[in-house]
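Only one structure is covered here, and it is reproduced in the block below.
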Protein chains: 2
Amino acid sequence: MSNVKKILIADDEPDILEIIQFNLQSEGYEVITAKNGDEAIEAARIHQPSLIILDIMMPGKNGIEVCNILRLQPAFKETLIIFLSALSDESTEVRGLETGADDYLTKPISPKILVSKVNSLFRRVASKGSMGMIKIGDLVIDREKYMITYQGNDIILARKEFELLALLASKPSKVFLRNEILNQVWGTEVIVGDRTIDVHIRKIRQKLNLDCITTVKGVGYKFEMQ
Amino acid sequence: MSNVKKILIADDEPDILEIIQFNLQSEGYEVITAKNGDEAIEAARIHQPSLIILDIMMPGKNGIEVCNILRLQPAFKETLIIFLSALSDESTEVRGLETGADDYLTKPISPKILVSKVNSLFRRVASKGSMGMIKIGDLVIDREKYMITYQGNDIILARKEFELLALLASKPSKVFLRNEILNQVWGTEVIVGDRTIDVHIRKIRQKLNLDCITTVKGVGYKFEMQ
DNA sequence: TTACCGGTTAACAATTTGATAATATGCTAA
DNA sequence: TTAGCATATTATCAAATTGTTAACCGGTAA
């Protein structure tokens with residue numbers, strides 16, 4: 001990963017805040033804290049964290065309210081949210097999950113479980129395919145830097161080659177039809193010959209020096225790591 | 001989704017099994033039960049459930065072992081798994097999540113929380129869109145990946161073969177008339193001889209090495225798992 | 001200008017696929 | 001039992017698809 005994942009924690013108890021912060025930071029995450037619901041909303045807007053851990057019982061806006069407010073905004077539709085609650089009141093827990101949280105933790109919090117759940121959530125989302133950075137095995141595709149790294153070596157691809165590879169790698173194992181590829185990489189207006197895709201595929205295979213692109217005859221191409 | 005979601009529950013305590021079964025059935029799910037790890041694996045293979053709820057402590061193979069075994073097989077890569085544990089032993093919980101479970105529940109189980117988590121999990125997966133997958137017994141047909149897996153082995157079919165099988169498997173037990181097959185797979189314009197279908201059927205039978213396509217003389221073909 | 005790069009195309013080779021013909025097998029009804 | 005019909009099997013060949021190489025062209029940096 002190029003940039004470290006940001007996690008926002010909102011809780012009114014400083015002790016809890018500190019414990020969580022410490023544990024997540026030792027895992028390599030960047031942690032932002034907030035002492036109440038309003039601070040949480042403000043911090044979320046500013047830092048755009050990947051994950052928000054919300055205590056349910058907080059002065060002012062409680063965690064569920066914060067979650068509801070955030071979920072209304074498109075920017076936070078995909079943001080992971082975990083609820084934290086002192087009471088093991090199950091109706092609250094149910095309400096939390098229905099509100100659109102991704103997980104739930106009850107106090108007292110076990111650092112190990114916390115860290116495990118956080119990692120697990122990120123893993124689940126990562127497999128969904130987050131834009132910007134594609135990582136498959138030893139292969140790293142960085143859309144922003146337009147760069148490809150394989151086993152630590154940088155590989156230079158031309159634009160079309162890069163976009164074609166990035167497309168295929170965005171959904172490993174999915175077969176992309178030639179039409180899909182043309183639309184995604186070349187656009188709908190441009191009309192290019194039949195052999196154009198093949199030639200680009202060949203160049204990629206050549207440069208990567210690795211058989212990660214499979215031909216499905218009569219259908220299309222797919223990306224697969226061994 | 002066309003058919004109801006299947007959920008497999010494995011627990012050695014009949015009471016727990018019954019409680020969970022009752023609650024999930026009232027939610028409209030189809031429930032299959034297993035009394036131990038081996039039964040669970042067998043049942044999973046046969047019924048191909050969308051979700052498996054595994055008790056960790058079971059005679060014979062425990063839940064974590066079952067999960068590990070299942071996760072090795074491509075057919076269960078995407079299957080949701082929830083662990084169930086009587087002990088709130090956190091190291092076990094951590095191990096569970098690391099093993100590749102999607103969630104975790106501790107006994108005593110609150111029916112409301114259970115149902116809520118199950119719904120929540122399905123919602124999360126649904127948004128991901130796992131369309132185009134046909135699962136029948138040990139056979140998995142993945143339209144997106146253009147791949148067929150039978151008993152964990154990948155089988156490569158050519159385009160027409162794949163489409164023909166996918167058609168037949170899309171409605172198991174339904175007899176497809178030769179005309180229907182021609183229209184669906186070959187299209188209305190193309191005209192091909194009578195023996196063409198036979199030959200393709202034969203190739204599929206050969207590659208699958210399994211008698212899942214039945215001939216209905218004078219009518220057509222149908223797909224059926226034993 | 002000149003050299004180079006990326007994108008495209010043309011031409012041909014290699015491969016895979018699909019359709020058909022020819023033959024065999026098996027079922028059914030008279 | 002046997003003729004007649006439907007399907008199974010096999011081999012073969014043509015067509016479709018993709019791989020490969022080299023050449024072309026326009027833009028751009030030295």
For nucleotides 20-24 of chain C, list the nitrogen or oxygen atoms of the protein found under 3.5 Å from its nitrogen or oxygen atoms, one pair per line.
from, atom 1, to, atom 2, distance (Å)
dT20(C), OP2, Gly193(B), N, 2.5
dT20(C), OP2, Thr196(B), OG1, 3.0

If you count the non-hydrogen atoms of other residues, nucleotides and ligands that lie under 6.0 Å from CZ in Arg159(A), is the total more than 12?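 No.
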
[X]: partners by salt bridge (Lys or Arg N to Asp or Glu O under 4.0 Å), with sequence neighbours left out:
X: Glu42(B); result: Arg45(B)
X: Arg178(A); result: Asp198(A)
X: Asp12(B); result: none
X: Lys217(B); result: none

Residues within residues 200-208 of chain A bordering DNA chain D, heavy-atom distance below 4.0 Å: Arg202(A), Arg205(A)

When you match Thr215(B) and Gly220(A) each to their closest nucleotide on DNA chain D, which lands nearer the 5' end?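 On the 5' side of the pair lies Thr215(B).
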
Residues of residues 153-164 of chain A with any non-hydrogen atom less than 4.0 angstrom from an atom of DNA chain C: list those, numerically ordered, please.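 Residues of residues 153-164 of chain A that come under 4.0 Å of DNA chain C are, in numerical order, Ala158(A), Arg159(A), Lys160(A).
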
Are any of Trp186(B)'s side-chain N or O atoms less than 4.0 Å away from OP1 or OP2 of dG18(C)?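 False: Trp186(B) side-chain N/O out of range (4.0 Å or more) of dG18(C) OP1/OP2.
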
Counterpart residues, side chain to side chain donor-acceptor pair (under 3.5 Å), relative to Lys6(A) (two or more places apart): none

If you restrict it to nitrogen or oxygen atoms, what contacts under 3.5 Å exist between nucleotides 13-15 of chain C and the protein, and what is each distance?
from, atom 1, to, atom 2, distance (Å)
dT15(C), O2, Lys217(A), NZ, 2.8

CA sep, side-chain torsions, deciding dist, call: Tyr29(B), Asn119(B), side-chain hydrogen bond (donor to acceptor under 3.5 Å, both in side chains): CA-CA 10 Å; Tyr29(B) 295 108; Asn119(B) 286 333; 2.7 Å; yes

Can you find a pair of side-chain heavy atoms, one from [X] and one from [Y], that are under 4.5 Å apart?
X: Glu65(B); Y: Asn68(B); answer: no
X: Ile20(B); Y: Leu114(B); answer: yes
X: Leu80(A); Y: Ile52(A); answer: no

Closest non-hydrogen atom pair between Ala44(B) and Leu70(B), with its separation: CB-CD2, 4.2 Å

First-last contacting nucleotides on DNA chain D - partner chain B, under 4.0 angstrom, heavy atom: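 Range of nucleotides within reach of chain B: dA6(D) to dT10(D).
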
I would like to know whether Ile9(A) and Val31(A) meet side-chain contact (heavy atoms from CB on, under 4.5 Å); could you show each step before the answer? CA-CA 7 Å; Ile9(A) 315 169; Val31(A) 176; 3.4 Å; yes

Exercise answer: donor-acceptor pairs, residues 167-176 of chain B side-chain atoms, under 3.5 Å, sequence neighbours excluded:
from, atom 1, to, atom 2, distance (Å)
Ser170(B), OG, Leu167(B), O, 2.6
Ser173(B), OG, Glu224(B), OE2, 3.3
Lys174(B), NZ, Glu180(B), OE1, 3.3

Between Glu30(B) and Lys5(B), is the closest basic N to carboxylate O distance under 4.0 Å?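 Salt bridge flag = no for Glu30(B) with Lys5(B).
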
Sequence-distant partners of Phe162(A), ring pair (Phe, Tyr, Trp, His ring centres under 6.0 Å), two or more places apart: Tyr146(A)

